[in-house]
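To start, the structure itself, in structure tokens.
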Amino acid sequence: MSLVGKLFPSVAIDAMSEMGDDLKINVFEEAVNNQQKVILFWYPKDFTFVCPTELHAFQEALPEFQKRNTVIIGASCDTNEVHFAWLNTPKDNGGIEGVTYPILADTHRQLANILGIVDQDLDYDEEGNEVFTGSNVTYRATYLIDETGKIFHESVNDMPLGRNVKEYLRLIDAYAHVQKHGEVCPANWEEGKEAMSANRNSTAEYLAKN
């Protein structure tokens with residue numbers, strides 16, 4: 001079930017800072033109280049393979065997100081202690097040393113289950129006992145949240161598939177354009193390109209030129 005257009009769940013979750021501070025972060029309040037956009041990205045597990053490449057990619061793009069009044073928050077179901085150990089592991093040893101944005105530690109899967117992004121299925125055996133299957137960690141889910149706490153983008157990748165960080169910058173640019181100008185953004189729109197009014201004539205004019 002899609003959450004686009006809905007308010008992000010208002011739930012406070014444990015988190016870890018790059019300095020080793022134990023935090024409580026409510027993503028909804030981060031957006032609304034600070035009047036900023038939030039990109040929340042979930043990854044399956046610390047000390048794995050694709051995951052550190054993504055965390056470093058988001059870190060490298062951090063200045064670009066900051067220019068857009070957008071904060072980055074990472075998230076997995078690992079504990080704060082495991083997060084801190086990974087933050088202190090050098091990059092050339094598979095770690096995420098140098099990452100400066102906070103990382104949620106949703107160990108009870110409270111928020112992940114609300115969002116429906118945990119790889120877990122429930123079945124019953126012949127005796128009626130519950131049988132859980134799946135990895136019990138999250139998929140690579142990404143949420144873009146605006147200054148009102150509303151989700152304006154969500155996407156979910158299977159675990160082997162790393163994300164394209166530049167696409168989230170493009171989506172934030174497009175949404176900011178819509179907010180500012182009241183126009184709509186056509187396929188492959190990028191900052192500086194022509195947008196359209198939300199009517200038939202404008203669409204026809206755009207298609208005639210493109």
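We number each residue from 1, following the sequence as shown. Below, each value reflects all heavy atoms present in this structure, side chains not excepted, and no hydrogens, waters or symmetry copies. These figures come from a predicted structure and were not determined experimentally.
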### Query
Under 4.5 Å between any side-chain heavy atoms of Phe8 and Leu111, yes or no?
yes
#### Entry: Sidechain-backbone polar pair: Asn93 side chain, Gly95 backbone, donor-acceptor under 3.5 Å
no
## Note on the structure
For Ala195 and Pro186 the tightest heavy-atom approach is CA-CD, 4.0 Å
### Task
Search all heavy atoms of Gly98 against all heavy atoms of Gln59 and return the closest pair with its distance.
O-CD, 3.5 Å
### Task
Report yes if the side chains of Ile72 and Tyr168 come closer than 4.5 Å at any heavy-atom pair, otherwise no.
no
### Query
Hey, mind stepping through Val27 and Leu104 against side-chain contact (heavy atoms from CB on, under 4.5 Å) and telling me if it holds?
CA-CA 10 Å; Val27 175; Leu104 299 186; 4.2 Å; yes
### Query
With a 4.5 Å heavy-atom cut-off, do Asn210 and Glu194 have their side chains touching?
yes
### Minimum heavy-atom distance between Cys51 and Arg140, given as atom pair plus value
SG-NH1, 3.4 Å
### Task
Nearest 0.5 Å please: distance from the CG atom of Leu3 over to the CZ atom of Phe152.
14.5 Å
### Message
Are Leu171 and Tyr143 linked, directly or through intermediate hydrophobic residues, by side-chain heavy-atom contacts shorter than 4.5 Å (ILVMFWY only)?
### Response
no
#### Entry: Side-chain touch His83/Ser76, heavy atoms, less than 4.5 angstrom
yes
### Query
So, are Arg68 and Glu64 salt-bridged, with charged N and O less than 4.0 Å apart?
yes
### Query
Does any N or O in the side chain of Tyr101 come within less than 3.5 Å of the main-chain N or O of Leu55, such that one atom is a donor and the other an acceptor?
yes
### Query
So, the side chain of Arg170 versus the backbone of Glu191: is there a donor-acceptor pair under 3.5 Å, distance only?
no
### Message
With a sphere of 6.0 Å drawn around CG of Asn188, does it hold more than 12 non-hydrogen atoms of other residues, nucleotides or ligands?
### Response
no
Going by atom type alone, with no hydrogens or angles, which donor-acceptor pairs under 3.5 Å involve a side-chain atom of residues 9-25 and a protein atom two or more places apart or on another chain?
{"unit_1": "Ser10", "atom_1": "OG", "unit_2": "Asn26", "atom_2": "ND2", "d": "3.1"}
{"unit_1": "Asp14", "atom_1": "OD1", "unit_2": "Lys24", "atom_2": "NZ", "d": "3.1"}
{"unit_1": "Ser17", "atom_1": "OG", "unit_2": "Met19", "atom_2": "N", "d": "3.2"}
{"unit_1": "Ser17", "atom_1": "OG", "unit_2": "Gly20", "atom_2": "N", "d": "3.4"}
{"unit_1": "Ser17", "atom_1": "OG", "unit_2": "Asp21", "atom_2": "N", "d": "3.0"}
{"unit_1": "Asp22", "atom_1": "OD1", "unit_2": "Asn80", "atom_2": "ND2", "d": "3.0"}

### Task
Output, in order, the C-alpha distance, side-chain angles, deciding distance and verdict of side-chain contact (heavy atoms from CB on, under 4.5 Å) for Asp158 and Tyr139.
CA-CA 6 Å; Asp158 202 355; Tyr139 294 105; 3.7 Å; yes
### Query
Are Leu144 and Val165 grouped together when hydrophobic residues (ILVMFWY) are joined by side-chain heavy atoms under 4.5 angstrom apart?
yes
### Query
Is there a side-chain contact between Val178 and Val184 (heavy atoms, below 4.5 Å)?
no
### Task
Flag the pair Met159 / Val50 as yes when at least one side-chain heavy-atom distance between them is below 4.5 Å, and no otherwise.
no
### Message
Atom NZ of residue position Lys166 - does it have more than 12 heavy atoms of other residues, nucleotides or ligands inside 6.0 Å?
### Response
no
### Query
Between the side chain of Glu183 and the main-chain N/O of His177, is any donor-acceptor distance below 3.5 Å?
no
Could you list the donor-acceptor pairs under 3.5 angstrom formed by side chains in residues 32-43, with sequence neighbours left out?
{"unit_1": "Asn34", "atom_1": "ND2", "unit_2": "Glu30", "atom_2": "O", "d": "3.2"}
{"unit_1": "Gln35", "atom_1": "NE2", "unit_2": "Val32", "atom_2": "O", "d": "3.1"}
{"unit_1": "Gln35", "atom_1": "NE2", "unit_2": "Glu147", "atom_2": "O", "d": "3.1"}
{"unit_1": "Gln36", "atom_1": "NE2", "unit_2": "Glu30", "atom_2": "O", "d": "3.2"}
{"unit_1": "Lys37", "atom_1": "NZ", "unit_2": "Glu147", "atom_2": "OE2", "d": "2.8"}
{"unit_1": "Lys37", "atom_1": "NZ", "unit_2": "Gln179", "atom_2": "OE1", "d": "2.9"}
{"unit_1": "Tyr43", "atom_1": "OH", "unit_2": "Asp46", "atom_2": "OD1", "d": "2.6"}

Anything under 3.5 Å between a donor and an acceptor, one on a side chain of residues 85-92, the other on a protein residue two or more places apart or in another chain? List them.
{"unit_1": "Trp86", "atom_1": "NE1", "unit_2": "Gly94", "atom_2": "O", "d": "3.0"}
{"unit_1": "Asn88", "atom_1": "ND2", "unit_2": "Phe84", "atom_2": "O", "d": "2.8"}
{"unit_1": "Thr89", "atom_1": "OG1", "unit_2": "Ala85", "atom_2": "O", "d": "2.8"}

### Task
Please examine the side chains of Leu169 and Phe65, heavy atoms only from C-beta on, and report whether any two atoms are closer than 4.5 Å.
yes
### Message
Could you report the tightest heavy-atom contact between Arg163 and Asn157, atom names first, then the distance?
### Response
CG-ND2, 3.6 Å
### Query
Taking the side chain as C-beta and beyond, is there a heavy-atom pair between Ile96 and Ile103 under 4.5 Å?
yes
### Query
How close do Val137 and Pro44 get, heavy atom to heavy atom, and via which atoms?
CB-O, 3.4 Å
### Message
Hydrophobic cluster membership, with links at side-chain heavy-atom distances under 4.5 Å among I/L/V/M/F/W/Y: are Tyr175 and Ile145 in one?
### Response
no
### Query
Should we count CZ of Phe47 as having more than 12 external heavy atoms under 6.0 Å?
yes
### Query
Take atom NE2 in His181; do more than 12 heavy atoms of anything else shown fall under 6.0 Å from it?
yes
